[in-house]
**Student:** 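One structure, as structure tokens, below. Some questions next.
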Amino acid sequence: NRTHYEFFKRCTKLNFYFNNLLGDSYIKIYDDLCNHSSCFFGTDKLFYFADNTHLSKYAVTNFSKAKKQLQSLLSSLE
């Protein structure tokens, strides 16, 4: 089993890589899923995942930070 620290360390490297590769096109969904110490599968009112690897449409529509990123990206394409 990986420790929480090892998981965050690995994800930080991957996020850094994709952020450098894609720039503003990289939607940082982890901003809505995680805080500084934990990541979450949902809230008391909403489960974030449709299955073991895909976010539900209900979660994505409730993620304020990801929604702002998507709106900004779409506006830049107009």
Side-chain angles (χ1 to χ4, degrees):
N1 288 337
R2 290 189 184 140
T3 66
H4 185 74
Y5 171 77
E6 289 171 324
F7 176 76
F8 265 26
K9 185 177 173 183
R10 181 172 179 240
C11 288
T12 299
K13 287 179 183 178
L14 286 172
N15 287 323
F16 181 77
Y17 171 78
F18 284 113
N19 193 47
N20 283 336
L21 180 68
L22 301 172
D24 291 338
S25 296
Y26 181 50
I27 305 302
K28 298 161 191 73
I29 202 74
Y30 57 85
D31 284 344
D32 287 294
L33 290 174
C34 306
N35 63 24
H36 294 292
S37 61
S38 300
C39 290
F40 304 96
F41 291 100
T43 67
D44 58 344
K45 296 179 182 179
L46 178 66
F47 191 66
Y48 294 156
F49 292 87
D51 59 29
N52 64 339
T53 57
H54 297 93
L55 293 169
S56 75
K57 65 181 177 182
Y58 305 107
V60 174
T61 59
N62 282 282
F63 287 164
S64 61
K65 294 174 185 174
K67 193 185 289 188
K68 286 179 188 175
Q69 288 179 310
L70 285 167
Q71 289 169 338
S72 176
L73 180 59
L74 291 172
S75 292
S76 72
L77 297 175
E78 292 178 348

**Student:** Mind checking whether Y48 and L70 sit in one hydrophobic cluster, side chains of I, L, V, M, F, W, Y counted as touching below 4.5 Å?
**Tutor:** no
**Student:** State whether the number of non-hydrogen atoms from other residues, nucleotides or ligands found under 6.0 Å of F49 atom CZ is greater than 12.
**Tutor:** yes
**Student:** Could you measure the distance from the OG atom of S56 to the CG atom of L46? Nearest 0.5 Å is fine.
**Tutor:** 5.5 Å
**Student:** List in chain and number order the residues that pass side-chain hydrogen bond (donor to acceptor under 3.5 Å, both in side chains) with N15, two or more places apart in sequence or in another chain; answer none if no residue qualifies.
**Tutor:** Y26
**Student:** The criterion is side-chain hydrogen bond (donor to acceptor under 3.5 Å, both in side chains); which residues satisfy it with K28, sequence neighbours excluded?
**Tutor:** N19
**Student:** With clusters defined by side-chain heavy atoms of hydrophobic residues (ILVMFWY) lying less than 4.5 Å apart, directly or transitively, does L73 cluster with I29?
**Tutor:** no
**Student:** If you group Ile, Leu, Val, Met, Phe, Trp and Tyr by side-chain heavy-atom gaps below 4.5 Å, do L33 and L14 land in one group?
**Tutor:** no
**Student:** Are Y17 and I27 connected into the same hydrophobic cluster when the rule is that any two of I, L, V, M, F, W, Y join if their side-chain heavy atoms are below 4.5 Å apart?
**Tutor:** no
**Student:** What residue pairs, at least two apart or across chains, pass side chain to side chain donor-acceptor pair (under 3.5 Å) with a residue in residues 67-78?
**Tutor:** none
**Student:** Is the backbone N or O of K65 less than 3.5 Å from a side-chain atom of D31, with the two atoms forming a donor-acceptor pair by type?
**Tutor:** no
**Student:** Quick one: do F16 and Y30 end up in the same hydrophobic cluster if we chain Ile, Leu, Val, Met, Phe, Trp and Tyr together by side-chain heavy atoms under 4.5 Å apart?
**Tutor:** no
**Student:** I'd like to know whether CG of N20 has more than 12 heavy-atom contacts from other residues, nucleotides or ligands below 6.0 angstrom.
**Tutor:** yes
